[in-house]
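Heads up: the structure comes next, in structure tokens.
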Amino acid sequence: MSERMTFLPRDALLSLDEIALIAERFIARGVRKIRLTGGEPLVRRDMIDLARRLGRHVGTALDELTLTTNGTHLAEHAEALFAAGIRRVNVSIDSRDPETFRTITRHGDVSKVLEGIAAARAAGLAVKINMVALKGFNDREFAPMLAWAVAQGMDLSLIETMPLGTIDEDRADRFLPLTRVMDELRKQFDLLPDTHNSGGPARYWRVAGTGTRLGLISPLTGNFCATCNRVRLSTDGRLHMCLGHEDSVDLKAAIRTGGLTLVDIRIDQALGSKPEAHDFHIVRGAAPAVARHMSVTGG
């Protein structure tokens, strides 16, 4: 489930009740993990209500309900998220340096994110840091970020940049293969292969002697499509079967015209058409694989 940070007419977005009903149709099919993501989900006023409604399934029909956030509103909502049944949050932070963070986000204040992380941990939430590897921006910060994660008792996932949406520079200038990052990290950390499986695309290592896992999400240098079992619902009601393809199914129209019976039919059609692989390539001058940005569908 993703919170799309664009201004749309109210009836163009799924209501909280519609999101919950569609999510519960997936739960009825055996889906055991749901993540609320974005964009930034916590900017939506009813997000805690949605978390409560889905959180009541945790421990029975759901194994976990998690949330991915940029952390800017996390401090004010951390306790409510825990009370709703969420036990882990993923916080996107590509740099802890204030100037680098501001440059990457174009306006962000890293101190608010760090306050949110501290509040989440104080509330009892496990925290995983998501960090996109960006050549020329944060390529000297991977080891310090991992050391900080170890010291704080958090996990860290490193992510290769993906060709989603048009940006004002060539992605080839920022692409940094995680194979190179791992070569550098192994000089400072004893990294052991870990069998942990989150149900997602990451491959894991454990920092020896600690509880910290290092996850690698490498769509370009280590294609993960063979194990991908994810679909994504945007708040305008489109069910996206793959980050790397434009195909989607309109569940908003389905629920509003045919109710849950038509939703079930459309979900069957979507799952039957999930592509075998994405179409990601980082080539100088190339157009993005898809026009939409990551904030539309979430990671």
Side-chain angles (χ1 to χ4, degrees), residues 35 37 66-75 78 81-82 86-105 108-162 174-198 200-222 224 299:
R35 179 180 302 173
T37 179
T66 59
L67 177 123
T68 295
T69 172
N70 65 22
T72 56
H73 298 274
L74 187 53
L81 291 171
F82 186 89
I86 290 176
R87 293 295 177 264
R88 177 170 62 87
V89 293
N90 303 327
V91 181
S92 300
I93 175 172
D94 298 329
S95 173
R96 288 189 300 136
D97 177 79
E99 291 303 318
T100 303
F101 183 86
R102 189 173 297 112
T103 298
I104 292 173
T105 61
D109 180 357
V110 73
S111 66
K112 292 185 66 175
V113 181
L114 297 176
E115 288 172 8
I117 291 170
R121 297 181 67 240
L125 293 164
V127 176
K128 178 170 74 69
I129 303 299
N130 287 343
M131 182 181 189
V132 178
L134 297 167
K135 183 170 66 175
F137 275 131
N138 59 8
D139 35 0
R140 296 185 179 181
E141 295 189 53
F142 305 123
M145 187 74 84
L146 182 54
W148 176 64
V150 169
Q152 297 294 317
M154 303 183 299
D155 291 341
L156 170 66
S157 284
L158 300 177
I159 307 167
E160 288 179 342
T161 187
M162 302 182 201
R174 298 300 175 204
F175 176 66
L176 186 59
L178 291 186
T179 48
R180 188 182 308 168
V181 174
M182 281 294 286
D183 288 342
E184 293 301 314
L185 289 177
R186 285 193 174 100
K187 295 176 182 178
Q188 301 185 45
F189 299 91
D190 185 7
L191 299 175
L192 308 174
D194 194 280
T195 58
H196 177 70
N197 183 356
S198 65
R203 294 166 295 138
Y204 290 93
W205 280 258
R206 184 176 294 278
V207 181
T210 79
T212 294
R213 290 191 186 99
L214 172 66
L216 299 186
I217 300 176
S218 49
L220 280 303
T221 60
F224 49 64

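Below, all heavy atoms of this structure are taken into account, side chains as well, without hydrogens, waters or symmetry copies.
- Val110 is not listed as a side-chain neighbour of Thr100, based on a closest heavy-atom distance of 4.5 Å or more.
- Screening residues 112-127 for side chain to side chain donor-acceptor pair (under 3.5 Å), with sequence neighbours left out, gives Arg121-Gln152.
- Shortest non-hydrogen contact noted between Ser218 and Arg203 is OG-NH2, 2.6 Å.
- Asn138 places a side-chain N or O within donor-acceptor distance of the main-chain N or O of Leu134, the cut-off being under 3.5 Å.
- For Arg140, the CZ atom counts as loosely surrounded, since its 6.0 Å shell holds 12 or fewer non-hydrogen atoms of other residues, nucleotides or ligands.
- Heavy atoms only, all atoms of each residue included: Val113 and Val91 are closest at CG1-CG1, 3.8 Å.
- Of the residues listed (Asp194, Thr212, Asp155, Asp190), the one engaging Arg206 in a side-chain hydrogen bond (donor to acceptor under 3.5 Å, both in side chains) is Asp194, and it is the only one.
- Between Met182 and Leu214, the shortest heavy-atom contact is SD-CD2, 3.7 Å.
- Nearest approach of Ala149 to Leu156, heavy atoms of both residues: CB-CB, 4.3 Å.
- Considering all non-hydrogen atoms of both residues, Val127 and Met154 come closest at O-CB, 3.3 Å.
- Of the possible polar contacts, one joining the Glu160 side chain to the Leu178 backbone as a donor-acceptor pair under 3.5 Å is found.
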| said: Pair Ser95, Asp97 - check side-chain hydrogen bond (donor to acceptor under 3.5 Å, both in side chains), show working. | reply: CA-CA 5 Å; Ser95 173; Asp97 177 79; 5.0 Å; no
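- In this structure, the side chain of Arg87 does not engage the main chain of Thr66 through any donor-acceptor pair within 3.5 Å.
- Asn130 places a side-chain heavy atom less than 4.5 Å from the side chain of Lys128.
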